[in-house]
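Structure, as structure tokens:
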Amino acid sequence: MYDNIIEIAKKFNIMPINVYKCRYYYVLNCGNGAYSLSVARPKPGKINEIHKVKECLFDYGIHNIDTYCVTAQGNPYYEDDDRVYVATRFFGSNELDFMNDTQVSIALNDIGRLHKGLRLMGEEMLSVASDSNATISMYHSKARSLERIKKLLIQKGNKYWNKETINSFRDLIEKCLELTARLDELNYGKVSTYCHCGLKEGNIIYKKGRTYIIDWDNMKYLNYIEDISFFIRRYMRKNCYYSSKHNMSFMSLDDVLNKYSRFTSISDYEYEVLRVVLEYPHRFVSTMETFFKTSKNFVPSGVKNKLEEIVEQKEFAEMYLK
């Protein structure tokens, strides 16, 4: 049934006993463990770059990541019928549970260890990285996009939302612009390294008391604070907010950073920048950008739910970050 997949697996020196298909990848069960085979989203050049970063991390003793298998030609990918395939070890499908603080604590330790490795290798990898400040450029790009969205809200926002909701959106836009100006003042992003750029539950596998960080397709050269702030914002949204509503315990920001900083230190300057980045409502910006890229006569339920949740959680997020 999966003869073609088996043949591709053999190019990576993987000899599957059996194969089963998941939504986005194939699991190859072998005598020496299991592997994941999937069609790659990045192009071969980006895959090579990710492969070099992973190899460097492995040399630094960071082993809780998925590393690419290589072909006989030494490539971390295989091209077949206009498709590019990659293979990695398969750690399982038990995604990190953000409502489980024990798992979150272990993940924070491992992310801290990962960032220590990424920061140590930063000097060695400068030859393949951009000299420009990609981190602050990202915020400037979002600021330009938000200025456009602000005009669209004036022109046709009442077609989709009531006045109170539009005012909430305008407040969020002004906050984004103020925070961007603050990051400019702090000269944010002048020191950067490679970041995973997707530290969410689907990309962090929990297995037997350990976590494994997988799916590096979105890796970028940014300040590492973007990486850890992404994880913390997700923890706030997936755990803290709902725990507070039901009088359940959750980790404070200081608790979270204490877990994270066991392996990588955070200076006073980095702590100040981190708090600003955590305040920035990235999810709001990306949702509004996506919505206004298309011309619709209604607000899709997915967009409506996201925006309602963002506005609803805004006050809690401000309290959590105090």
Side-chain angles (χ1 to χ4, degrees), residues 2 5-6 8-42 46-47 49-71 76-78 84-118 121 194-219 227-228 230-231 234-235 238-239 259-260 262-263:
Y2 296 119
I5 295 301
I6 291 172
I8 293 171
K10 289 178 179 177
K11 302 295 182 180
F12 293 99
N13 198 31
I14 299 171
M15 305 298 172
I17 298 170
N18 57 61
V19 178
Y20 68 88
K21 190 177 187 307
C22 294
R23 188 175 181 183
Y24 300 114
Y25 57 90
Y26 296 90
V27 176
L28 316 171
N29 289 310
C30 309
N32 63 338
Y35 295 84
S36 169
L37 178 70
S38 62
V39 176
R41 284 169 289 182
K46 180 66 178 289
I47 296 171
E49 184 179 14
I50 295 169
H51 180 55
K52 288 177 183 176
V53 171
K54 288 181 174 181
E55 283 190 316
C56 195
L57 285 170
F58 212 79
D59 288 343
Y60 276 116
I62 313 298
H63 296 162
N64 63 323
I65 57 175
D66 62 337
T67 52
Y68 291 130
C69 301
V70 296
T71 63
Y77 60 85
Y78 176 73
V84 179
Y85 290 87
V86 292
T88 64
R89 288 299 296 263
F90 180 67
F91 297 111
S93 56
N94 296 317
E95 297 180 355
L96 179 74
D97 180 2
F98 267 103
M99 286 300 292
N100 185 321
D101 281 339
T102 299
Q103 291 188 19
V104 171
S105 296
I106 294 169
L108 283 164
N109 286 339
D110 286 337
I111 293 168
R113 187 184 290 111
L114 170 68
H115 283 165
K116 179 180 180 180
L118 286 168
M121 64 174 269
Y194 285 107
C195 294
H196 180 279
C197 294
L199 294 174
K200 58 184 181 180
E201 57 272 42
N203 294 336
I204 303 176
I205 303 301
Y206 182 80
K207 181 179 181 181
K208 296 180 180 179
R210 295 188 65 186
T211 59
Y212 299 89
I213 298 169
I214 65 170
D215 194 352
W216 289 68
D217 291 358
N218 294 317
M219 185 189 80
D227 239 8
I228 185 57
F230 180 97
F231 182 90
R234 206 155 182 98
Y235 174 68
K238 296 274 187 174
N239 180 318
K259 299 287 184 184
Y260 170 75
R262 281 188 62 195
F263 294 97

Using the side-chain hydrogen bond (donor to acceptor under 3.5 Å, both in side chains) criterion, which residues pair with [X]? Sequence neighbours excluded.
X	answer
Y68	none
H115	D227, Y260
N64	none
K54	D66

Please name the pair of heavy atoms, one in [X] and one in [Y], separated by the smallest distance, quoted to 0.1 Å.
X	Y	answer
L37	A87	CD1-CB, 4.0 Å
I47	A40	CD1-CB, 3.7 Å
P16	A9	CG-CB, 4.0 Å
I14	C30	CG2-SG, 3.4 Å
A34	R89	O-NE, 3.5 Å

To the nearest 0.5 Å, what is the distance between [atom1] on [X] and [atom2] on [Y]?
X	Y	atom1	atom2	value
L28	Y2	CG	OH	11.0 Å
W216	L57	CH2	CG	5.5 Å
I50	D215	CD1	CG	8.5 Å
Y85	I8	OH	CD1	4.0 Å
L118	C56	CG	SG	9.0 Å
F230	L199	CZ	CG	7.0 Å

Q) Could you walk me through whether I111 and H196 pass the side chain to side chain contact (heavy atoms under 4.5 Å, CB included) check? A) CA-CA 10 Å; I111 293 168; H196 180 279; over 6 Å; no
**Q.** CG (N13) with more than 12 external heavy atoms under 6.0 Å
**A.** no
[Y] and [X], any side-chain heavy atoms less than 4.5 Å apart:
X	Y	result
V70	F12	no
K116	Y60	no
H51	Y77	no
R113	I213	no

Q | Set of side chain to side chain contact (heavy atoms under 4.5 Å, CB included) partners for I106, sequence neighbours left out | A |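 Counting only residues at least two positions away or on another chain, I106 forms a side chain to side chain contact (heavy atoms under 4.5 Å, CB included) with T102, D110, Y206, T211.
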Q. Which is it for L96 and F231 under the side chain to side chain contact (heavy atoms under 4.5 Å, CB included) test, yes or no, and what are the steps along the way?
A. CA-CA 11 Å; L96 179 74; F231 182 90; 3.8 Å; yes
Q) Excluding sequence neighbours, so at least two apart, what forms salt bridge (Lys or Arg N to Asp or Glu O under 4.0 Å) with K46? A) none
Q: Only counting residues at least two apart or in another chain, list the ones meeting salt bridge (Lys or Arg N to Asp or Glu O under 4.0 Å) with R210.
A: none
Q: Could you go through the side chain to side chain contact (heavy atoms under 4.5 Å, CB included) check for T67 and E55 one step at a time?
A: CA-CA 7 Å; T67 52; E55 283 190 316; over 6 Å; no
Salt bridge (Lys or Arg N to Asp or Glu O under 4.0 Å): which pairs involve [range], sequence neighbours left out?
range	value
residues 92-101	none
residues 198-207	E201-R234, E201-K238
residues 9-19	E7-K10

**Q.** Listed partners of Y212 passing ring-ring contact (aromatic ring centres under 6.0 Å, His included), at least two apart
**A.**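 For Y212, the residues satisfying ring-ring contact (aromatic ring centres under 6.0 Å, His included) (neighbours in sequence not counted) are F91.
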Q) Among V27, V86, I214, T88, which one satisfies side-chain contact (heavy atoms from CB on, under 4.5 Å) with S36? A)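 Of the listed options, the one satisfying the test is T88.
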Q | side chain to side chain contact (heavy atoms under 4.5 Å, CB included) assessment of I228 paired with L108 | A | CA-CA 9 Å; I228 185 57; L108 283 164; 4.0 Å; yes
Q. With sequence neighbours left out, which residue pairs that include part of residues 20-31 fulfil the side-chain hydrogen bond (donor to acceptor under 3.5 Å, both in side chains) condition?
A.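 Only N18-N29 qualify under side-chain hydrogen bond (donor to acceptor under 3.5 Å, both in side chains).
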